[in-house]
Amino acid sequence: MLDPKLLRDNSDKIRKMLEARAVEFPLDQLIKADEERRDLIIRTDEIRKKRNEIALEIARKKKGNVDVAKLIEQMQSASDDLRKLEETQVKTEDSYTKLSLSLPNLIHESVPIGRGDNANKEIKKWGKPPIFNFKIRDHIDLTQGLDLVDLERAAKVAGARFYYLKNMLVKLNQSLIQYALDFLSDKNYTLVQTPYLINRRSMEGAIIAEDFEDVIYKVEGEDLYLIGTSEHAVASMHSNEIIDGKNLPLRYAGVSPCFRKEAGAHGRDQKGIFRVHQFDKVEQFVFSRPEESWNEHERLLSIVEEFYQKIELPYRIMLLSSGDLGKVSAKTYDLDAWMAGQNSYREIVSCSNCLDFQARRLKIRFRERTDEQTQYLHTLNSTLVATTRTMVAIMENFQTKDGHIAVPKVLQKYIGASTI
RNA sequence: GCGGGGGUCGCCUAGCCUGGUAGGGCGUGGGAUUGCUAAUCCCAUGUCCGUAAGGACCCGUGGGUUCGAAUCCCACUCCCCGCGCCA
């Protein structure tokens, strides 16, 4: 949600954003709804004022035992007027809220303008893709050879894009989680394991309406949705709160499984565990002062880089273009890890600054002193590790000639082995 | 799941029975006073509309009754206590 003042004073800025994102949006309709809404507030306020005055008068006269029948009549007619006006007000307010909740976030000036991922900008590269002197396997071959994944039975039991992890891959998965939690814990993050199901209000605070359709699973008959990432549950954790400024920034390490419908992804990455409906993730989430959020954004990225350097995965950092940017994000870096089996860099991390977009929806504010005006804070999120994709990268890059997998050094003490 | 108690403006609390402008304390900021500190007193301290003056709203949420609801009625929700069930 954007500051409604922008609709009035600077709608061009919003228009430019919509154009850059190539998003169709009935902005004029929203501006009109906002105007109507404010007009109705003024009109209903006037009637309420009158009603309050009469009510006061009645109370006073009653004390003096004066007849108030006439005043009560006036009150009745004012209440009737109000009821009628309120009906239209509810409708206007509804359409305003609905529209304003589906308006995407502003875009930071450093974001390249363009459609799709062609316009994404490479910021840097780290590490060198490994060179193999044998015919390499992709992660699907590797997991089959070592009995690490059972896709057929998962398809039978749950459907496509599900998987059973088996044997050492179960341990690798746990090791990545454990290492990631230790890593962030050392950086004084607050560890938080979130609810995996959250209600609609909370979900709406973290994502934009259309994502409900494409990514979010709903529990039938309940006001509950499976989180697509712990970001959704951590963001809403402080909803409707006023945070004491001296506690900022709040840095959380969220850990949870992630559930995604992958509705628009038919045919893409159909095999293996690269694109699946369920995976585990350790996520960084920061509540920050507005003036510090861009520094926090860079900080998140540098922590991510440190992590993948320690795991020794070659990667590149991409700055997403306006067309590729998520609707709630003002600026996003992706970290694409080298995947030897696919001979390309693939996305494993997404690091975003959402400014006050989520905070407005969730009413998360802060202030330094209790006599001060409250302010919306900024929220940022970044993957630290999404286990399935990182495991794909590890398996493909660390494979050995005999079809086994070397374990990155930092993970060895967690998994208790040097090869799989 | 059953029974009982509760949710009040950042925090704590009064008001609810008996409907008529939500009061007090703490914290925080400003001011006054005082060698300094402390103490004391005064003012401010939620949201929305409005350039402002001002006004409206706010007592867990949503309905209802009423001229008028924090207050009465109904439903829901969360917390606490007891019972039941349970990994």
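Note on naming: letters A, B, ... go to the chains in the order of the sequence lines (proteins, then strands), and numbering restarts at 1 for each one.
- Using a 4.0 Å heavy-atom cutoff across all strands shown, A/Thr374 reaches sugar-phosphate atoms only and no base atom.
- If you check the side chains of A/Ser256 and A/Lys281, you find no donor sitting under 3.5 Å from an acceptor.
- Listed pair A/Asn52 / B/G55 fails the phosphate criterion, with no side-chain N or O lying under 4.0 Å from OP1 or OP2.
- In this structure, A/Lys246 places its NZ atom 13 Å from P of B/G27, rounding to the nearest Å.
- Annotation: B/G54 and B/G35 have their C1' atoms spaced 46 Å apart (nearest Å).
- If you check B/G20, B/U21, B/C48 against the side chain of A/Arg37, the one that comes closest is B/C48.
- Nucleotides B/C73 and B/C17 place their P atoms 9 Å apart, quoted to the nearest Å.
- Rounded to a whole angstrom, the distance from the P atom of B/C79 to that of B/C74 is 23 Å.
- Between A/Phe287 and A/His238, the gap from one ring centroid to the other is short of 6.0 Å.
- Pairing for B/A69 is absent, judged as Watson-Crick or G-U wobble with the two contacts each under 3.5 Å.
- Defined by atom type and a distance below 3.5 Å, a donor-acceptor pair is present between the side-chain atoms of A/Arg200 and A/Tyr225.
- Looking at heavy-atom distances under 4.0 Å, A/Asp244 makes no contact with the nucleic acid at all.
- Judged by Watson-Crick or G-U wobble contacts below 3.5 Å, the nucleotide B/G1 has B/C83 as its partner.
- Distance CD (A/Glu86) to C1' (B/C57): 11 Å, rounded to an integer number of Å.
- Ring-centre distance between A/Trp294 and A/His378: not below the 6.0 Å cut-off.
- For A/Leu82 and B/C57, the CG to C1' distance is 12 Å, given to the nearest whole Å.
- Rounded to the nearest Å, the gap between the C1' atom of B/U71 and that of B/G15 is 8 Å.
- B/G84 and B/G1 have their C1' atoms separated by 8 Å, given to the nearest Å.
- For B/C48, neither phosphate oxygen OP1 nor OP2 lies less than 4.0 angstrom from any side-chain nitrogen or oxygen of A/Arg38.
- Along RNA chain B, the nucleotide nearest to A/Tyr376 and the one nearest to A/Lys49 differ in position, and the one closer to the 5' end is contacted by A/Tyr376.
- Residue-level contact check: A/Ile58 touches the bases, meaning some heavy atom is under 4.0 Å from a base atom.
- Look at the P atom in both B/C43 and B/C80: the space between them is 40 Å, to the nearest Å.
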### Summary
Heavy-atom contacts, protein to nucleotides 7-19 of chain B, under 4.0 Å, summarised as B (base), S (sugar-phosphate only) or - (none) per nt, yield ---B---------
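- Using a 4.0 Å cut-off between a side-chain N of Lys or Arg and a carboxylate O of Asp or Glu, A/Lys310 and A/Glu306 qualify as a salt bridge.
- For the pair A/Arg83 and A/Arg60, nearest-nucleotide mapping onto RNA chain B gives the more 5' position to A/Arg60.
- Across all strands shown, B/U40 pairs with B/A32; the Watson-Crick or G-U wobble distances both stay below 3.5 Å.
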Can you give each donor-acceptor pair under 3.5 Å made by side-chain atoms of residues 405-420 of chain A, sequence neighbours left out, with the distance rounded to 0.1 Å?
from     : atom 1 : to       : atom 2 : distance (Å)
A/Gln412 : NE2    : A/Val407 : O      : 2.9
A/Tyr414 : OH     : A/Asp182 : OD2    : 2.6

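- Partner assigned to B/C26 is B/G10, using Watson-Crick or G-U wobble distances below 3.5 angstrom.
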### Task
Could you walk me through whether A/Ile227 and A/Leu197 pass side chain to side chain contact (heavy atoms under 4.5 Å, CB included), step by step?
CA-CA 6 Å; A/Ile227 55 173; A/Leu197 300 115; over 6 Å; no
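- The aromatic ring centroids of A/Phe307 and A/Phe183 lie less than 6.0 Å from each other.
- Taking atom CG on A/Asp223 and atom P on B/C78, their separation rounds to 11 Å, with Å as the unit.
- Across all strands shown, A/Arg365 has heavy atoms under 4.0 Å from sugar-phosphate atoms exclusively, and none from any base.
- The CD-C1' distance, from A/Glu46 to B/G55, rounds to 9 Å in whole Å.
- Atom pair A/Glu93:CD and B/G62:P shows a separation of 13 Å (rounding to whole Å applied).
- Protein atom OH of A/Tyr96 is 11 Å distant from nucleotide atom C1' of B/C48, rounded to whole Å.
- Not one side-chain nitrogen or oxygen of A/Asn240 sits closer than 4.0 Å to the OP1 or OP2 atom of B/G46.
- Using atom P as the reference point in both B/A87 and B/C78, the two lie 23 Å apart (nearest Å).
- B/U47 and B/A56 make up a base pair, with Watson-Crick or G-U wobble contacts both under 3.5 Å.
- OP1 or OP2 of B/G50 lies within a sub-4.0 Å distance of a side-chain N or O belonging to A/Arg8.
- A/Glu57 has a carboxylate O that lies under 4.0 Å from a charged side-chain N of A/Arg60, or vice versa, which qualifies the two as a salt bridge.
- Here the C1' atom of nucleotide B/G54 and the CD1 atom of A/Ile41 are 16 Å apart, to the nearest Å.
- Between A/Phe162 and A/His277, the two ring planes are tilted [angle within 30° to 60°].
- Rounded to whole Å, the C1' atom of B/U33 lies 8 Å from the corresponding atom of B/C41.
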